[in-house]
J.: 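Quick one: the structure is below, and I'll ask about it shortly.
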Amino acid sequence: MKILVLNCGSSSVKYQVLNMEKENVLAKGLAERIGLKGSRVVHQFNDSKKIIDVDLPNHKKAIEVILNLLVDKEDGVLKSLKEIDAVGHRVVHGGETFFESTLVNDDTYRKLKECENLAPLHNPYNIQGIDACLSLLPGTPQVMVFDTSFHQTMPKEAYLYALPYEWYEKFKIRRYGFHGTSHFYVSRRVAELIGKPVEDLKLITCHLGNGASITAIKGGKSVDTSMGYTPLEGLVMGTRCGDIDPAIPLIIMEKENISPKEMDNILNKKSGILGISGISNDFRDVEESAERGDPKAQLALKIFAYRVRKYIGAYYAILGGLDVLVFTAGVGERSPIIRRMVCENMEHLGIKIDLEKNEVKGEERKISAEDSKVQVWIIPTNEELMIARETIRLISKLGIQRR
Ligand code: ADP
């Protein structure tokens, strides 16, 4: 079976075609600067790379170009688009409507449209991707895999805020959590590597990328996660502030005469590691400056690691112990410095890493010391594979085939 996985952002489409017999990637790429000048598609297949400069006024055109590349006479990886058995779409927000991956049909599509406003920066583009595929690949099953659905198992005390209750009823204000596909994937993968059922483990998974979140997993289910109503809450991130006193934006808005939109932009795009260091949102740049002795870069990394540690402590408490700590995503997979800063002086919680084993980038590996009570692992995330697996699982369960 061959599955096309699509991840549509505001100005980009990331894609992969996977052959699910061996779960190998046949082609992958990125259409970028959609709707802007200088749009292009970077297409990778069989160890080759093609860059196509092409006008991409909208997502539909981008997906059309991608599909044409996949069936290109000379170096296409498919003979015909009919070889695509199903499409798996990453959808950021499924609200309280979607507890699991869902097939697109008239009813679920209508319900998805009702969730559009929950993630105005993401869901409209995910929907545009679905619209494009419905028209360009008619008869091919489309599956939506949500970032939020893994967290739908959180108990009410974890997902409700101490705000007027009618805000929840009227506006659905609550914690949803994100990166669910990644937390789900690494929790299953690490259980497989350890050789224990995930249901028997207490896990904390740290997805540390430009966006970062941390999840407590018990019995295979998400019981709490750091991102909230939006992906702004929780850990310090590349450009996002994470947890702050909610009074601060109100005070600054009044003092500086700033609109809600401007404040939103500052909290999302000018804060975090970039805001503190004044250097960059890229951890590589900040780590380099910190090594050269820049005090603000050093401080930014300290604050980042401190916040992760604080969450580990909190989740340890609510899980009632811990078996496995997992690091994933860009920083979690590739930054030995951050992993070391997070794990140091945690022996009292049974967490001890082996500093030599920790000196790797992007490898699947156990990095805890032999005498560490808690196992610590690096598990490179693979959201595309997870989406493709979910897509197959669902269409097989429903007995659906392309028409
Ligand atoms: P997102 O999907 O949220 O954009 P990623 O998971 O791709 O994020 O992670 C991107 C982040 O990973 C960037 O901030 C980058 O600085 C960081 N990163 C990538 N490689 C390294 C590295 N070798 N050392 C430290 N940080 C790294």
Side-chain angles (χ1 to χ4, degrees), residues 5-16 28-30 32 42 90-93 119 121-122 125-126 145 147-148 177-186 189 205-215 225-227 230-242 268-292 294 297-298 300-305 307-308 326-343 358-365 367 378-387:
V5 175
L6 289 181
N7 179 356
C8 297
S10 58
S11 65
S12 71
V13 177
K14 280 191 205 151
Y15 63 95
Q16 273 193 14
K28 64 178 182 179
L30 170 72
E32 55 188 351
V42 181
R90 176 198 184 201
V91 180
V92 168
H93 216 310
L121 301 177
H122 298 100
Y125 308 105
N126 304 153
V145 181
D147 274 28
T148 47
F178 299 88
H179 294 142
T181 309
S182 176
H183 290 291
F184 181 82
Y185 172 79
V186 299
R189 179 67 188 148
T205 50
C206 309
H207 178 110
L208 311 179
N210 218 345
S213 69
I214 178 162
T215 298
T225 192
S226 59
M227 282 180 167
T230 72
L232 185 56
E233 194 184 344
L235 301 177
V236 174
M237 306 179 215
T239 58
R240 290 175 233 163
C241 59
N268 272 294
K269 306 238 167 92
K270 297 187 176 162
S271 302
I273 291 289
L274 171 68
I276 304 162
S277 70
I279 295 167
S280 167
N281 65 315
D282 193 307
F283 280 73
R284 285 165 289 200
D285 302 338
V286 181
E287 284 179 11
E288 234 180 81
S289 303
E291 249 164 66
R292 283 201 309 267
D294 184 298
Q298 289 170 348
L301 298 180
K302 268 193 191 162
I303 295 174
F304 178 84
R307 183 78 53 89
V308 179
V326 178
F327 288 98
T328 193
V331 181
E333 292 165 23
R334 310 186 69 81
S335 173
I337 299 173
I338 291 292
R339 289 193 300 261
R340 197 191 64 223
M341 289 171 78
V342 168
C343 293
N358 181 45
E359 284 302 317
V360 279
K361 295 191 174 176
E363 251 180 53
E364 199 169 69
R365 179 187 258 202
I367 57 166
I378 304 168
I379 304 286
T381 195
N382 195 338
E383 286 157 290
E384 290 80 10
L385 175 60
M386 200 64 242
I387 293 171

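Basis for what follows: all heavy atoms, side chains included, without hydrogens, waters or symmetry-related copies. Just so you know, ligand 1 is whichever comes first in the structure, and atom 1 is the first atom listed for that ligand.
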J.: Any idea which residues sit under 4.0 Å from ligand 1, heavy-atom distances?
T.: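 Its neighbours under 4.0 Å (heavy atoms only) are G209, N210, G211, N281, D282, F283, R284, E287, A329, G330, V331, R334, S335, K361, given by chain and number.
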J.: Please report the C-alpha distance between T328 and T205 in whole Å, then the side-chain angles of each, then the deciding distance to 0.1 Å, and finally whether the side-chain contact (heavy atoms from CB on, under 4.5 Å) criterion is met.
T.: CA-CA 8 Å; T328 193; T205 50; 5.9 Å; no
J.: Applying the side-chain contact (heavy atoms from CB on, under 4.5 Å) test to D147, which of R90, H183, H93, M227 qualifies?
T.: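 By the side-chain contact (heavy atoms from CB on, under 4.5 Å) criterion, D147 pairs with just one of R90, H183, H93, M227: R90.
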J.: Check this for me, if you would: do K28 and E384 make a salt bridge, where the nitrogen-to-carboxylate-oxygen distance has to be below 4.0 angstrom?
T.: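 Judged by the 4.0 Å cut-off on N to carboxylate O distance, K28 and E384 do not form a salt bridge.
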J.: Run the side-chain contact (heavy atoms from CB on, under 4.5 Å) test on V42 and E32 for me, step by step, so that the C-alpha distance in whole Å, both residues' side-chain angles and the decisive distance to 0.1 Å come before the verdict.
T.: CA-CA 8 Å; V42 181; E32 55 188 351; 4.1 Å; yes
J.: Just list the side-chain donor-acceptor pairs under 3.5 Å for residues 281-291, sequence neighbours left out, or say none.
T.:
residue, atom, partner, partner atom, Å
N281, ND2, N210, OD1, 3.4
D282, OD1, R284, N, 2.8
D282, OD1, R284, NE, 3.0
D282, OD2, R284, NH2, 2.9
D285, OD2, S280, OG, 2.9
E287, OE2, S335, OG, 2.5
S289, OG, D285, O, 3.1

J.: For the residue pair T215 and H179, confirm or rule out a side-chain donor-acceptor distance under 3.5 Å.
T.: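 The answer is no; no qualifying pair exists.
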